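On a predicted model such as this, the values are computed, not experimentally measured, just so you know. So that the names make sense, note that chain A is the first sequence line, chain B the second, and so on, each numbered from 1. The analysis underlying the following values was restricted to heavy atoms, covering all of them including side chains, and did not include hydrogens, waters or symmetry mates.
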2 protein chains.
Amino acid sequence: MTVVGNMRESKLAGVALWRRIADEIRLDIVGARLARGQRLPTEAKLAERFSANRHTVRRALAMLAQEGVIRAEQGRGVFVQDARRVFYRIGPRTRFSEGIDGQDRQVRGALMSHAQEHASSEVAKGLDIKPGAPLIRLETMAFVDEAPFSRSTHWFARERFDGIAEAYAARLSITAALQGFGVETYTRHSTRITIRHAEAEEIIQLGLSPGAVLLRAEGIDIDAEGKPIQFLVTRFPGDRVELLV
Amino acid sequence: MTVVGNMRESKLAGVALWRRIADEIRLDIVGARLARGQRLPTEAKLAERFSANRHTVRRALAMLAQEGVIRAEQGRGVFVQDARRVFYRIGPRTRFSEGIDGQDRQVRGALMSHAQEHASSEVAKGLDIKPGAPLIRLETMAFVDEAPFSRSTHWFARERFDGIAEAYAARLSITAALQGFGVETYTRHSTRITIRHAEAEEIIQLGLSPGAVLLRAEGIDIDAEGKPIQFLVTRFPGDRVELLV
DNA sequence: AGCCATTTGTGCGTATGTATA
DNA sequence: GTATACATACGCACAAATGGC
């Protein structure tokens with residue numbers, strides 16, 4: 001475990017000490033892949049390690065307990081509750097449910113809303129259509145082990161995929177929905193990965209705490225002929241996911 | 001531009017309002033790729049947009065000015081100083097300098113330190129060698145337009161690449177250094193991408209502010225025969241980089 | 001049972017940081 | 001710049017639960 005220098009030096013950072021301690025402990029737990037049930041150092045030891053007051057450490061632990069990462073038992077100690085990151089595979093053949101497979105996890109999709117709209121210049125460029133062309137936008141969520149795992153926005157050209165919202169709602173799978181439109185297979189053409197902070201709505205939907213960091217993946221899927229099918233943006237909670245390229 | 005709901009609701013988040021405002025403005029600038037020299041809304045307008053006091057907005061702007069993202073001119077306004085994200089390409093053929101090319105950027109590498117050590121179980125697994133086998137570890141940095149852009153740690157099996165630290169120091173290129181060992185070409189076997197918070201040392205080396213978020217890419221390079229050559233971990237400042245897969 | 005050390009949970013006082021008006 | 005309210009962080013003390021002797 002790496003000890004952060006003098007955490008008190010950075011009071012002017014705008015990030016509370018208890019929050020930075022929580023982030024670091026979470027990293028130790030999730031990053032080191034500690035087993036469920038394993039015991040953490042005592043509050044006193046953690047306080048010493050971070051050169052902080054025990055109250056401050058307790059504030060950090062309270063947050064992690066709230067997140068379900070740890071569980072405290074009076075007189076016994078603090079124990080790891082859920083440690084694993086979810087792996088998500090990105091490659092030429094990127095499918096949501098397949099990306100999670102082999103991890104003994106339960107995956108579920110949900111359609112939050114859908115709308116008809118017109119292509120912005122960015123989406124138009126990605127889908128290789130004219131700006132302003134009619135689109136269908138799907139807002140979806142995925143749950144892993146019943147916990148919110150990702151929020152995605154999908155854009156499809158309406159000319160070719162009119163009715164895809166209903167198809168997705170019925171099957172809760174993009175792959176299955178696309179097969180209804182004659183797309184037997186598709187491949188991931190490109191993916192752009194960035195980081196940003198969660199906005200208010202995302203904090204609520206993904207069950208995060210304010211200031212949480214998201215991993216954002218923006219991708220374009222193409223069919224067998226190389227024609228763009230889908231432009232999508234997926235946001236993952238930064239501390240729950242590991243992308244495998 | 002997206003407005004965060006009621007930012008005042010999250011006082012218990014452990015992240016100061018001025019910090020969240022700074023993060024959001026930075027995102028608008030960097031993410032929306034505003035042009036250098038473009039003017040930001042007045043402090044009064046920003047205060048209204050974030051439902052915050054002008055003092056609080058000024059605090060946020062002070063941080064961004066400190067980072068070099070914006071520049072305030074008395075009586076004229078606040079202007080974008082440096083806006084673009086650096087794109088970094090990850091694929092079968094991942095080379096550092098090539099990853100940045102075509103972006104009109106100046107790239108420079110540096111060797112911070114090197115050491116001999118023995119393989120941890122994780123590195124051993126990645127390099128397909130025995131745990132405890134002798135290794136050479138390189139700690140490098142890369143600068144883009146003279147600003148710190150990434151911190152990497154490279155591991156090579158000492159048996160095959162003894163002297164690679166000196167070779168790297170002479171050429172400041174992993175690709176060139178490897179050619180001295182008869183490796184004409186190599187490919188990226190796998191990459192794992194995660195997020196974490198910067199530690200004290202990384203904050204100093206990369207010129208970040210406390211609480212900054214890093215994008216961490218862990219990769220394995222293999223030679224033409226499929227034998228692992230290099231195990232490496234690269235940390236990028238989250239708000240300066242965009243990974244293209 | 002009792003006793004004790006360990007560990008988490010709770011309360012209070014104080015100083016400083018954050019945000020508003 | 002000043003005044004006010006709340007959040008953060010610290011320090012000390014003590015209560016409550018656990019487990020070993």
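- For the pair B:Thr56 and C:dT20, the criterion of a side-chain N or O lying under 4.0 Å from OP1 or OP2 is met.
- Remark: P of C:dG9 and CZ of A:Arg71 are 12 Å apart, rounded to the nearest angstrom.
- Each of A:Asn53 and A:Gln74 was matched to the nucleotide of DNA chain D holding its nearest heavy atom; the match closer to the 5' end belongs to A:Asn53.
- If you check D:dA9, C:dT20, C:dA19 against the side chain of B:Trp18, the one that comes closest is C:dA19.
- Side-chain contact between B:Leu232 and B:Thr234 is present, with heavy atoms from C-beta onward closer than 4.5 Å.
- Between A:Lys45 atom NZ and C:dT6 atom C1' there is a gap of 10 Å when expressed in whole angstrom units.
- With C:dA21, D:dC10, D:dA13 as the choices, the nucleotide that has an atom nearest any side-chain atom of A:Arg54 turns out to be D:dA13.
- We find that B:Arg235 and B:Glu202 are joined by a salt bridge, their nearest charged nitrogen and carboxylate oxygen being less than 4.0 Å apart.
- A close approach under 4.0 Å does occur between a side-chain nitrogen or oxygen of A:Arg76 and OP1 or OP2 of D:dG19.
- Look at CG on A:Leu61: it is 13 Å from P on C:dT10, rounded to the nearest Å.
- In this structure, CD of B:Glu48 is placed 16 Å from C1' of C:dT20, rounded to the nearest angstrom.
- Base-pair partner of D:dA7: C:dT16 (Watson-Crick or G-U wobble, both distances under 3.5 Å).
- Using a 4.0 Å cut-off between charged nitrogen and carboxylate oxygen, A:Asp28 and A:Arg49 count as a salt-bridge pair.
- As rounded to whole Å, 15 Å separates atom C1' of D:dA7 from atom CZ of A:Arg19.
- Between the CG atom of A:Leu46 and the P atom of C:dT8 there is a distance of 8 Å, given to the nearest Å.
- Of the listed nucleotides (D:dT18, C:dT8, D:dG11), C:dT8 has the atom at the smallest distance from the side chain of A:Arg58.
- Under a 4.0 Å N-O distance rule, the pair A:Arg26/A:Asp23 qualifies as a salt bridge.
- Closest to the side chain of A:Ala16, out of C:dT8, C:dA21, D:dA9, is D:dA9.
- Whole-Å rounding puts the A:Arg39 CZ to D:dT18 C1' distance at 11 Å.
- Judged by distance alone, with hydrogens and angles left aside, B:Arg59 brings no side-chain donor or acceptor close enough to the base of C:dG17 to form a pair under 3.5 Å.
- Regarding A:Ile70, its CD1 atom lies at a distance of 14 Å from the C1' atom of C:dG9, rounded to whole Å.
- Remark: the A:Glu139 side chain and the A:Thr153 side chain contain an N/O donor-acceptor pair separated by less than 3.5 Å.
- One can find a donor-acceptor pair under 3.5 Å joining the base of C:dG11 and the side-chain atoms of A:His55.
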